[in-house]
Amino acid sequence: MDTVARPLPRRVLAGQLMYGMLWVGVTLFGAVLRPEVAGHGTHEQLGLPPCPSALFWDRPCPGCGLTTSFSAFIHGNLPLAFHAHPLGPFLYLALTVTGIVAIGRFVQGRRLDVSVRPWSTWILIGAFVFAAFGFIRMALTPHYRSPAETAAFSVPR
């Protein structure tokens, strides 16, 4: 009996390679961007608009500050990374570990099986914690707009 598993075709594993490349892209963008000291708005360096939640309600959405947090973490500025979004460093570390494992498994010709119950459980717990934290933060954080966002949002009368 042959106990050595044959590598799977690369096309079968393309999804996990794409996931690994997502991690590479996030890391490269995070390294190139300058984390905003306001704790959010770093994504605007990519030509993206300010967060509508910050503009319209003057409160952070659940994801506000993640780009800044990732970028600050990559630059080694842990206080800013945690200030921008307290879950950001943990999310980036999870993305890093799973991205590296996904690329490694692709190279080995092996599938990263995320369909097992522990993965599903941790993803559900993570999603719940992220959403709960985000909505609590949204409810408890007024006056979130940066001075630049306030100036851009002001409508002359």
Side-chain angles (χ1 to χ4, degrees), residues 12-108 110-150 152-153:
V12 172
L13 303 173
Q16 70 191 46
L17 177 63
M18 290 174 59
Y19 181 83
M21 292 297 105
L22 171 71
W23 165 71
V24 170
V26 166
T27 301
L28 290 174
F29 276 117
V32 170
L33 297 173
R34 292 176 326 281
E36 291 290 333
V37 293
H40 66 284
T42 301
H43 68 281
E44 293 175 43
Q45 295 171 34
L46 298 170
L48 298 170
C51 177
S53 177
L55 286 181
F56 297 128
W57 299 307
D58 201 11
R59 294 180 182 269
C61 75
C64 270
L66 278 177
T67 305
T68 303
S69 182
F70 286 8
S71 182
F73 186 81
I74 291 164
H75 285 274
N77 188 342
L78 296 182
L80 179 57
F82 282 103
H83 167 73
H85 198 294
L87 300 178
F90 301 109
L91 291 171
Y92 179 74
L93 286 174
L95 175 64
T96 298
V97 169
T98 55
I100 290 171
V101 171
I103 292 170
R105 293 282 177 101
F106 176 83
V107 170
Q108 296 169 349
R110 296 173 52 207
R111 181 183 305 274
L112 175 60
D113 187 8
V114 295
S115 65
V116 293
R117 177 171 239 133
W119 276 95
S120 301
T121 302
W122 281 110
I123 288 171
L124 284 173
I125 290 170
F128 176 78
V129 168
F130 181 80
F133 169 80
F135 289 115
I136 291 168
R137 178 178 168 210
M138 185 180 212
L140 300 178
T141 310
H143 313 298
Y144 188 74
R145 279 189 214 121
S146 68
E149 289 167 335
T150 301
F153 192 68

With sequence neighbours excluded, what pairs up with F29 under the ring-ring contact (aromatic ring centres under 6.0 Å, His included) test?
none
Euclidean distance, Q16 CD relative to I103 CD1, rounded to 0.5 Å
10.0 Å
Dump the intermediate steps for side-chain contact (heavy atoms from CB on, under 4.5 Å) on L112 and Y19, then the final yes or no.
CA-CA 11 Å; L112 175 60; Y19 181 83; 5.9 Å; no
Under the criterion side-chain contact (heavy atoms from CB on, under 4.5 Å), I'd like the reasoning laid out for S53 against M138: C-alpha separation, chi angles, the key distance, then a yes or no.
CA-CA 9 Å; S53 177; M138 185 180 212; 3.3 Å; yes
Minimum heavy-atom separation for Y144 to H40, with atom names?
O-CE1, 3.1 Å
For the atom pair NE2 (H43) and OG (S71), what is the distance rounded to the nearest 0.5 Å?
13.0 Å
Quick check on ring-ring contact (aromatic ring centres under 6.0 Å, His included): which of F73, F133, F70 does H85 satisfy it with?
F133
Shortest non-hydrogen separation from G30 to I74 and the atoms involved:
CA-CD1, 3.8 Å
Could you check L140 against R59 for side-chain contact (heavy atoms from CB on, under 4.5 Å), going step by step and ending with a plain yes or no?
CA-CA 8 Å; L140 300 178; R59 294 180 182 269; over 6 Å; no
Residues in ring-ring contact (aromatic ring centres under 6.0 Å, His included) with F135, at least two apart?
none
Would a distance-only check, ignoring hydrogens and angles, find a side-chain to backbone donor-acceptor pair under 3.5 Å from H75 to L33?
yes
For M18, I'd like to know if atom CE has over 12 heavy atoms of other residues, nucleotides or ligands within 6.0 Å.
no
Looking at every non-hydrogen atom in both residues, tell me the closest pair between C51 and C61 and how far apart they are.
SG-SG, 3.7 Å
Note: G63 and F130 closest approach over all heavy atoms is CA-CZ, 3.9 Å
Return yes if some donor-acceptor pair links the side-chain N/O of T42 with the main-chain N/O of E36 below 3.5 Å, else return no.
yes
Positive for side-chain contact (heavy atoms from CB on, under 4.5 Å) with W119, one of L124, D113, T98:
T98
One should read off an interatomic distance between F56 CZ and R145 CZ, to the nearest 0.5 angstrom, of 9.5 Å
Measuring from L17:CG to L22:CG, what's the distance to the nearest 0.5 Å?
11.5 Å
Plane angle bin for F82 and F90 - parallel if under 30°, tilted between 30 and 60°, otherwise perpendicular:
perpendicular
Just how far is it from atom CZ of R34 to atom OG1 of T68, taken to the nearest 0.5 Å?
11.5 Å
Does atom CZ (R111) have a neighbourhood of more than 12 heavy atoms from anything else shown, all under 6.0 Å?
no
Considering non-hydrogen atoms only, spot the tightest contact between A81 and A72 and give its length.
N-CB, 3.6 Å
Output all residues satisfying ring-ring contact (aromatic ring centres under 6.0 Å, His included) with F106, sequence neighbours left out; order by chain, then residue number.
none
When you measure from the side chain of S69 to the backbone N and O of G65, does any donor-acceptor pair fall under 3.5 Å?
no
